[in-house]
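Every value quoted in this text rests on a predicted model; they were computed, and no experiment measured them. A, B, ... follow the sequence lines: proteins, then strands. Residue 1 opens every chain.
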Protein chains: 2
Amino acid sequence: MRRSDCPISNVLDHVGDRWSLLVIRDIALYGKRSFTELLDSAEHVATNVLTDRLRRLEQTGLLTRTRDSGDARKNIYRLTQRGRDLLPILIEMILWSARHDPQTNAPPELVRRAQTDRNALIADLQARIDAVDGR
Amino acid sequence: MRRSDCPISNVLDHVGDRWSLLVIRDIALYGKRSFTELLDSAEHVATNVLTDRLRRLEQTGLLTRTRDSGDARKNIYRLTQRGRDLLPILIEMILWSARHDPQTNAPPELVRRAQTDRNALIADLQARIDAVDGR
DNA sequence: AAATATAACTTGCAAAAAGCAAGTTAAATA
DNA sequence: TATTTAACTTGCTTTTTGCAAGTTATATTT
């Protein structure tokens with residue numbers, strides 16, 4: 001499983017594929033929490049791949065799965081603190097694309113705050129996640 | 001090729017696999033510049049995969065390939081500005097592992113500077129890359 | 001000059017992962 | 001009761017990865 005003791009390699013062992021960080025993104029930034037919501041993204045992940053990624057992310061402690069108390073068919077996927085702490089990596093990716101690939105739709109206001117007010121932005125985004133999760 | 005206009009997805013389209021960012025790491029942080037040096041990492045990438053990743057990273061403008069003037073067998077792989085600008089992402093990955101997986105060998109001094117003196121650290125790392133590349 | 005070594009691949013093949021469509025099960029809604 | 005929805009699961013094909021061996025051009029050693 002773990003390829004080396006390198007901290008970068010370690011992160012890639014968790015989320016170093018084309019889908020895992022998109023799941024994290026959808027939960028962290030778009031407030032998605034259920035399987036069908038996560039399925040419904042512009043990148044069109046296959047159901048079996050999404051099932052697999054959710055299981056792996058749960059197993060490695062990046063998110064939790066609970067049954068919806070209101071609708072027993074639904075699972076609710078929430079980020080753990082480990083998962084929420086991937087936010088800075090997502091932010092840096094947004095900044096990279098904003099700089100080097102302006103065709104992507106990085107929200108200008110978010111980019112501006114990330115550059116001027118990084119820590120406060122991250123705190124705000126964390127707070128928003130907590131709010132959605134009722135914390 | 002591009003799955004969506006999302007800036008995060010865009011970065012993953014470039015380096016969203018288990019090897020590309022390790023190549024970037026080895027060039028940016030360990031001063032490696034040739035194929036054999038890049039082969040010789042703890043994670044043991046296969047030659048055909050390394051060849052493929054170098055070609056892709058070159059095609060998407062993250063690095064350049066030139067012949068070594070001293071030894072005509074050697075290629076020299078250097079990061080472009082696009083590639084060097086991935087450094088903040090690598091830094092955040094190191095911080096994540098330092099926090100959540102202390103078994104990894106994140107250099108404590110680098111972690112400390114990343115937390116207290118982020119911009120200066122990144123400038124220093126950039127300068128070191130430039131120095132290796134003779135800029 | 002000939003033999004050996006090195007750098008950077010390339011090829012072939014088996015195994016793993018991804019992608020796609022269709023099917024399944026349990027729970028909710030009409 | 002019939003239909004819809006949520007979350008998978010299965011089967012199958014394509015793509016990617018991993019591993020070992022082979023190739024070509026250049027450099028070094030004898």
Residues two or more places apart in sequence or in another chain: which of them pass side chain to side chain donor-acceptor pair (under 3.5 Å) with Arg128(A)?
->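 Checked Arg128(A) against side chain to side chain donor-acceptor pair (under 3.5 Å); zero matches.
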To the nearest Å, give me how far apart [atom1] ([X]) and [atom2] ([N]) are.
X        : N       : atom1 : atom2 : answer
Leu50(B) : dT16(D) : CG    : P     : 17 Å
Asp52(A) : dA16(C) : CG    : P     : 14 Å
Asp17(A) : dG19(C) : CG    : C1'   : 14 Å
Leu39(B) : dA20(D) : CG    : P     : 14 Å
Leu22(A) : dG19(C) : CG    : P     : 11 Å
Arg55(B) : dT10(C) : CZ    : C1'   : 12 Å
Glu37(A) : dA7(D)  : CD    : C1'   : 13 Å
Arg53(B) : dC9(C)  : CZ    : C1'   : 16 Å

Short N-O contact, [X] and [Y], less than 4.0 angstrom:
X         : Y         : value
Glu37(B)  : Lys74(B)  : no
Arg78(B)  : Asp130(B) : no
Arg112(B) : Asp117(B) : no
Arg113(B) : Asp124(B) : yes
Arg118(A) : Glu92(B)  : yes

Shorter than 3.5 Å, N or O on both sides, protein versus nucleotides 11-15 of chain C: list them out with atom names.
none

Please confirm whether Arg3(A) makes a cation-pi placement over Trp19(B), using NZ or CZ under 6.0 Å from the six-membered ring centre and within 45° of the ring normal.
->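 Judged by the rule, Arg3(A) and Trp19(B) form a cation-pi pair.
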When you measure from the side-chain N and O atoms of [X] to the phosphate of [N], is any distance below 4.0 Å, counting only OP1 and OP2?
X        : N       : value
Arg65(B) : dC9(C)  : yes
Thr36(B) : dT6(C)  : no
Trp19(B) : dT17(D) : no

If you pin Arg18(A) and Tyr77(B) to their nearest nucleotides in DNA chain C, which one's is more 5'?
->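 Taking each residue's closest nucleotide, the earlier one in sequence belongs to Tyr77(B).
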Heavy atoms under 4.0 Å, any strand shown: does Thr51(A) hit a base, just sugar-phosphate, or nothing?
->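 The answer is base, as Thr51(A) lies within the cut-off (heavy atoms under 4.0 Å) of a base atom.
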Which pairs, protein N/O on one side and nucleotides 26-29 of chain C N/O on the other, fall under 3.5 Å?
unit_1: dA28(C); atom_1: OP1; unit_2: Ala72(A); atom_2: N; d: 3.0

Can you find a side-chain donor-acceptor pair between Tyr77(A) and Arg65(A) that sits under 3.5 Å?
->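 There is such a pair (donor and acceptor under 3.5 Å, judged by atom type) between the side chains of Tyr77(A) and Arg65(A).
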Search all heavy atoms of Ala28(A) against all heavy atoms of Ile129(A) and return the closest pair with its distance.
->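 Smallest heavy-atom distance, with atoms named: O-CG1, 3.5 Å.
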